[in-house]
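Here it is, the structure, as structure tokens.
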2 protein chains.
Amino acid sequence: MPMDREHCIAMGRTCVAYNLRRASRLVSQVYDQALKPTGLKVTQFSLLVSFVLAPGSKMAQLAQWLGMDRTTLSRNLRVLEKRGLVDLEQGQQDRRELKVRITPEGKKVFEQATPLWLQAQEEVVGGIGQERWAELAKELRSLVASLK
Amino acid sequence: MPMDREHCIAMGRTCVAYNLRRASRLVSQVYDQALKPTGLKVTQFSLLVSFVLAPGSKMAQLAQWLGMDRTTLSRNLRVLEKRGLVDLEQGQQDRRELKVRITPEGKKVFEQATPLWLQAQEEVVGGIGQERWAELAKELRSLVASLK
DNA sequence: CCATACTTGATGTATATACACGTAATGTGA
DNA sequence: TCACATTACGTGTATATACATCAAGTATGG
């Protein structure tokens, strides 16, 4: 397996993991910066969105939907719980289950964060234009879907 | 700022940070799995690539190039150094500088990892096809470039 | 009903990531 | 030369991420 310059340049240009990680690092910083007044990181904001969308979801279900390891979600949730933004309640029938619900305080912070999110969103999307991003997002979803 | 279902669904579909983070999580797992026999994660592999490409680079320079915070690179490097895959040497003229160089052991592991990387790469790219990925990667680079 | 498999979530451990801040070395202007 | 800004890197702290493993609850086949 060759290790010459050309090859390394090609790997850098084509490696899916590298290109996605790099982009997500840089993009996340823009959102995190914008959300700073709320004390939320974009990861946490995304979680709140999903709790509003699917109130009372089970953790495993959410993790699957978010494409996130169960244990990652578990730990990310604890941060929000500590801040009082979500409520974790044990399942009635199945006592193994934990159902996640956003609290009133969580909703308040979420509503405060939404315009800041929009600001970052417009800044980032504006860089390449809405249509190109829409197409890019579609392709990204295809890529993710093909991994299953 | 509205918080209804429609709006949340739209945020999930369009949020650049969320979509990139999700994709990079899932894709990274494929590469990490493939690289497991080498004990490298794809992040570390990417770093090795850059050291082969630009031997003796300064840390700040590398961080800029990789779109990574200086302190992140610093800590990621320590892991590779502990394993003896890279060598950190103090600059001659400017004693603040740290120059990074891959070791013979590092090269060995890198060469062992390269075919495993290719395996993951083909698996992931194969999901949508080479042309679509090439276009996607180009658009991703545009997006990243527009953030500067 | 019981043994066993499966499911659900938590913990231990390790890396990845970045911001705020600190320290040491270098540059610069008076 | 000396005070001060600047630059290069590290540390403290906190979150994000996932694998291996564990504990507890539930389902299932006999």
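Chain identifiers are assigned alphabetically (A, B, ...) following the order of the sequence lines, protein sequences preceding nucleic acid strands; residue numbering begins at 1 within each chain. Bear in mind that the values here come from a model prediction, so they are computed numbers and not experimental data.
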Contact letters for nucleotides 13-19 of chain C, in which S counts primed atoms plus P, OP1 and OP2 and B counts the base, heavy atoms under 4.0 Å: B-SSBBB

Passes ring pair (Phe, Tyr, Trp, His ring centres under 6.0 Å), F51(B) versus F110(B)? Steps please. CA-CA 11 Å; F51(B) 303 150; F110(B) 176 63; 10.0 Å; no

Which heavy atom of T38(B) sits nearest a heavy atom of R83(B), and at what distance?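 Result for this residue pair: O-NH2, 3.0 Å.
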
I9(A): side chain to side chain contact (heavy atoms under 4.5 Å, CB included) partners, not counting sequence neighbours: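 For I9(A) the side chain to side chain contact (heavy atoms under 4.5 Å, CB included) partners, ignoring immediate neighbours, are R5(A), R13(A), L53(B).
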
Between dT7(D) (P) and L98(B) (CG): distance, integer Å: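 In whole Å, dT7(D) P and L98(B) CG are 18 Å from each other.
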
Residue closer to the 5' end of DNA chain C, K58(A) versus R70(B) (nearest nucleotide): K58(A)

CE of M59(A) versus P of dG25(D): gap in Å, rounded?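 The distance from CE of M59(A) to P of dG25(D) comes to 17 Å, rounded to the nearest Å.
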
Could you work out, with side chain to side chain contact (heavy atoms under 4.5 Å, CB included) as the rule, every residue matching A34(A), not counting sequence neighbours? A120(A)

Looking for any heavy atom pair under 4.0 Å, which part of the strands does Q90(A) touch: base, sugar-phosphate only, or nothing?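 Q90(A): no heavy atom of the nucleic acid under 4.0 Å.
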
Set of side chain to side chain contact (heavy atoms under 4.5 Å, CB included) partners for A23(B), sequence neighbours left out: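 A23(B) satisfies side chain to side chain contact (heavy atoms under 4.5 Å, CB included) with L20(A), L140(A), V144(A) only.
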
Across the strands shown, which category fits Q61(B) at heavy-atom distances under 4.0 angstrom: base, sugar-phosphate, nothing? nothing

Listed once per pair and sorted, the salt bridge (charged side-chain N to carboxylate O under 4.0 Å, His left out) pairs that draw on residues 58-73 of chain B, sequence neighbours left out: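 Residue pairs passing salt bridge (charged side-chain N to carboxylate O under 4.0 Å, His left out), neighbours aside: K58(B)-E97(B).
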
Tabulate atom names and distances for all N/O pairs under 3.5 angstrom spanning the protein and nucleotides 5-7 of chain C.
unit_1, atom_1, unit_2, atom_2, d
dT7(C), O2, R96(A), NH1, 2.4

Could you tell me how far apart K99(B) (NZ) and dA8(D) (P) are, to the nearest whole angstrom? 12 Å

Does anything in residues 17-31 of chain B form a salt bridge (charged side-chain N to carboxylate O under 4.0 Å, His left out)? List the pairs, not counting sequence neighbours.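 Qualifying pairs: none.
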
Separation of atom CG in L35(B) from atom P in dC19(D), rounded to whole Å: 13 Å

Of all residues at least two apart in sequence or in a different chain, which pass the side chain to side chain contact (heavy atoms under 4.5 Å, CB included) check with E105(B)?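 E105(B): side chain to side chain contact (heavy atoms under 4.5 Å, CB included) contacts with L85(B), T103(B), K108(B), V109(B).
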
Could you state the atom-to-atom distance from CD of E81(A) to C1' of dG9(C) in whole Å?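 To the nearest whole Å, that distance equals 13 Å.
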
Results of salt bridge (charged side-chain N to carboxylate O under 4.0 Å, His left out) for K138(B) - residues two or more places apart only: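 Salt bridge (charged side-chain N to carboxylate O under 4.0 Å, His left out) check on K138(B) returns E135(B).
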
Within this structure, what is the CG-to-C1' distance between L88(B) and dC9(D), rounded to whole angstrom?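 My rounded result for the distance is 11 Å.
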
